[in-house]
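In what follows, a structure is listed as structure tokens, so that the remarks can point back to it.
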Amino acid sequence: MTTGQKSAFVLSRRHLLGIEGLSRDEISGLLDLAEEFVELNRQIEKKRASLRGRTQINLFFEVSTRTQASFELAGKRLGADVMNMSTSSSSMRKGETLMDTAVTLNAMHPDLIVVRHHASGAVELLARKVDCSVVNAGDGAHEHPTQALLDALTIRRNKGRIDGLTVAICGDILHSRVARSNIILLNTMGARVRVVAPSTLLPVGIERMGVEVARDMRAGLADADIVMMLRLQRERMNGSFVPSSSEYFQYWGLDEKKLSYARPDALVMHPGPMNRGVEIDSIVADGPQSLIREQVEMGVAVRMAVLEALSRNLPNA
Amino acid sequence: MLSDRRPILLANARILDPSRDLDIVGDVLIADGVVREAKRGIGAAGVPEGTDVIDCRGKVVAPGLVDMRAFIGEPGAASRETLASASQAAAAGGVTTIVCQPNTSPAIDEPATVDFVLRRARDTAIVHVHPMAAITKGLEGKEMTEIGLLKAAGALAFTDCDKSITNAQVMRRALTYARDFDALIVHHTEDPDLTGDGVMNESEFASRLGLLGVPTAAETVMLERDLRLVSLTGGRYQAASVTCAESLEVLRRAKDAGLDVSAAASINHLTLNENDIGPYRTFLKVAPPLRAESDRKALVEGIASGVIDVIMSDHNPQDVETKRLPFAEAAPGAIGLETMLVAGLRLVHSGELQLMALLRALSTRPAQLLGLPGGTLRAGAPADLIVVDTDVPWVVDPNELKSKCKNTPYDEARMQGRVVRTIVAGRTVYEIV
């Protein structure tokens, strides 16, 4: 796409609940639209009025810093009224059910609800109870569509394409919604996807989800254009799924040596927050091949694109 | 060391090499720490100058034994056994490789402890010593150890020793994770709840003695569970110490299904039964307990057929203070490094087992399962071998045994056959002159 030419892309669905089911054209349309917002976000005047009058509720049942912050910024830059609700400060803590919360919020006539929930499928459940658009900001180990989109945008801007690239997704695949969304998106866009993890962190049947499977980094990173590291939760590294953080780093942590197994121009990504010295060495995280900071920038632009593209499909009366 | 590293020719021996079913009369030439050749007529063709020629007429030459399960008290219980004393006992029993167990104090559950044992063995032991490491931290059955780093440090396999991991999820994950490192999980199969406070085989004899019994189901329940998990995970598994006839059926089924499963039995369970306990003899208290004679016979058949792969000593030195107690209160365990082979020869002399099958289960199979280069007399193999007089009669005198503890179940037993020379890495470390 060329800058200056405005994208008129409309996401012709009410919700964005996952990457699953999105067509190649829809993904490309969202990425093209996001490119505009990348430019906008680098201006001093970052405001647009396309969501003026709209109400956006960020409903976070699970703590989040960057996702919540970037959805908030995205909504505000598009002119929406944004309200944040999180478990720490709401009646959800007092035992209100997900369904009751949905009905309550729906009565306030929001236009967009952005939801994160620790249970897979919870966002879809909530979406059935409300009249507005719902964006999945991460549900359990199921999907995190805006993360996959921002990753795709980052890859496309740096490699010029996604089609034909080899992408190695490394680490805790078992518990990762980021991995699932990325596997679906990258396959849809024509990339070759490989997952690399100890067997204890691989979900059953993963080899039938359109990926190659490797248990060690040397085989897993061979010929990779993109090395995508995943966060390993602390409670999973003390003998339950892997023995220790030091053993994990030794065999699956991305350091300069392991990165050298990938292509010389390979680029490194991480959805954050990072465990430095566990899944990734600081030298790599902060090194010249790292795209980690750029991913955060792309996050705001992609979320603006998602909100904008969904709102264009909202009824105007 | 009784001899320097001059070449050795073991001449006119009956050579038994289970790694290739070789049973011939011939010579074995050893030089530079490896077996050069083992065949007929080496001596007649001429040997290198300075070779020690040892006449082994009428004796058996075989690969040195690899004992997969021996407790040694270093670190933490050196009064019971040191690496030095265990290696002396091993050499006298024809064991050229000891695989020591991680239930030490501290437990061998981190790489530094593996390193300690290897260094200490290098400095004090006269046979090869390799440690197994724990499957779970502190042998607590909860969190798996650093299987990758421990294996890299030199742990040959992984075991929680005489403890069974009751949490099936922990066992599943350990098998799954170990598979990525091609690590062998050796697991004790005794359900602790079914074992309860039992101290001997659950039987009429136990009832007459007024002792609480351990049913064979304690073993088969755990073994069946394990094999389901092996089927689920594709891990490499060994049942550490099987004791009863029912376990053989379970194992045979798993092997027929192509699972990567092996099994070991202790020399005690192959040569003794519950009746040997007699008047509450605590030296015959072992865990799992000695079973019925029908179980013992089935185990021997299991060795002959290969359903049971390995015979191990289950060497477990216990002080007088832990054994000179009422039967139920005494510690379980028996020493066995020094008597394992000769006890096994009883089965050969009674016609229950071929000598080749015995030696295979004592050397070739354990070496294969552990990925060690020994257990064979092929050219280039490490010169770890034994010379055995299979017929000489003798009586076991506990005071003559080299182990620091004297808790042998073969106390005063009449034996037929004895190791007369043990060679480790080309050096004679034990001989009867």
Side-chain angles (χ1 to χ4, degrees), chain A residues 141 168-176 194-208 211-222 230 232-255 257-258 261 275 277-279 281, chain B residues 102 107-115 132-155 158-160 163 165-185 228-237 260:
Chain A
I169 306 175
C170 313
D172 187 359
I173 311 291
L174 180 62
H175 303 98
S176 178
R194 209 180 278 146
V195 294
V196 193
S199 295
T200 43
L201 294 178
L202 286 169
V204 169
I206 183 75
E207 65 283 354
R208 289 191 297 278
V211 298
E212 299 163 24
V213 180
R215 265 95 184 171
D216 74 272
M217 294 288 271
R218 184 184 283 270
L221 265 50
L230 299 174
L232 181 67
Q233 305 277 7
R234 287 205 178 274
E235 64 269 22
R236 290 170 188 144
M237 62 174 92
N238 291 321
S240 51
F241 290 87
V242 294
S244 67
S245 56
S246 56
E247 172 147 328
Y248 188 77
F249 182 70
Q250 171 77 25
Y251 294 102
W252 291 281
L254 188 67
D255 55 14
K257 173 125 179 38
K258 296 196 196 78
Y261 304 145
N275 289 305
V278 178
E279 69 262 1
D281 194 336
Chain B
I108 304 174
D109 62 358
E110 50 181 75
T113 319
V114 171
D115 196 51
M132 284 193 193
I135 302 169
T136 62
K137 293 168 188 169
L139 307 157
E140 287 179 345
K142 292 175 187 158
E143 299 170 345
M144 74 172 110
T145 54
E146 296 175 325
I147 288 172
L149 296 173
L150 285 161
K151 192 178 180 201
F158 294 82
T159 184
D160 273 4
K163 289 187 173 171
I165 296 171
T166 53
N167 185 322
Q169 181 70 287
V170 171
M171 188 65 178
R172 177 199 179 167
R173 295 230 179 95
L175 282 163
T176 302
Y177 189 82
R179 191 191 60 186
D180 289 349
F181 293 93
D182 194 30
L184 176 67
I185 297 286
R228 296 277 171 189
L229 295 177
V230 173
S231 171
L232 177 66
T233 60
R236 280 182 70 207
Y237 173 88
D260 197 345

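Here is the naming used below: chain letters follow the sequence lines, and residue numbers restart at 1 for every chain.
With rounding to the nearest 0.5 angstrom, the CG atom of B:L149 is 12.0 Å from the CZ atom of A:F249.
For B:R172, the CZ atom counts as loosely surrounded, since its 6.0 Å shell holds 12 or fewer non-hydrogen atoms of other residues, nucleotides or ligands.
Contact of A:F241 with chain B is made through backbone and side chain together, with heavy-atom distances under 4.5 Å. With a 4.5 angstrom heavy-atom cutoff, B:R179 touches chain A only via side-chain atoms.
Between A:T200 and B:M144, the closest heavy-atom pair is CG2-CE, 4.3 Å. Taking all atoms of both residues into account, the shortest heavy-atom contact from B:Y177 to A:P198 is CE1-CB, 3.9 Å. Scanning all heavy atoms of the two residues, the minimum distance from B:A152 to A:Y251 falls at CB-OH, 3.9 Å.
Considering only heavy-atom pairs separated by less than 4.5 Å from chain A, the leading option among B:E143, B:K137, B:E146 is B:E146.
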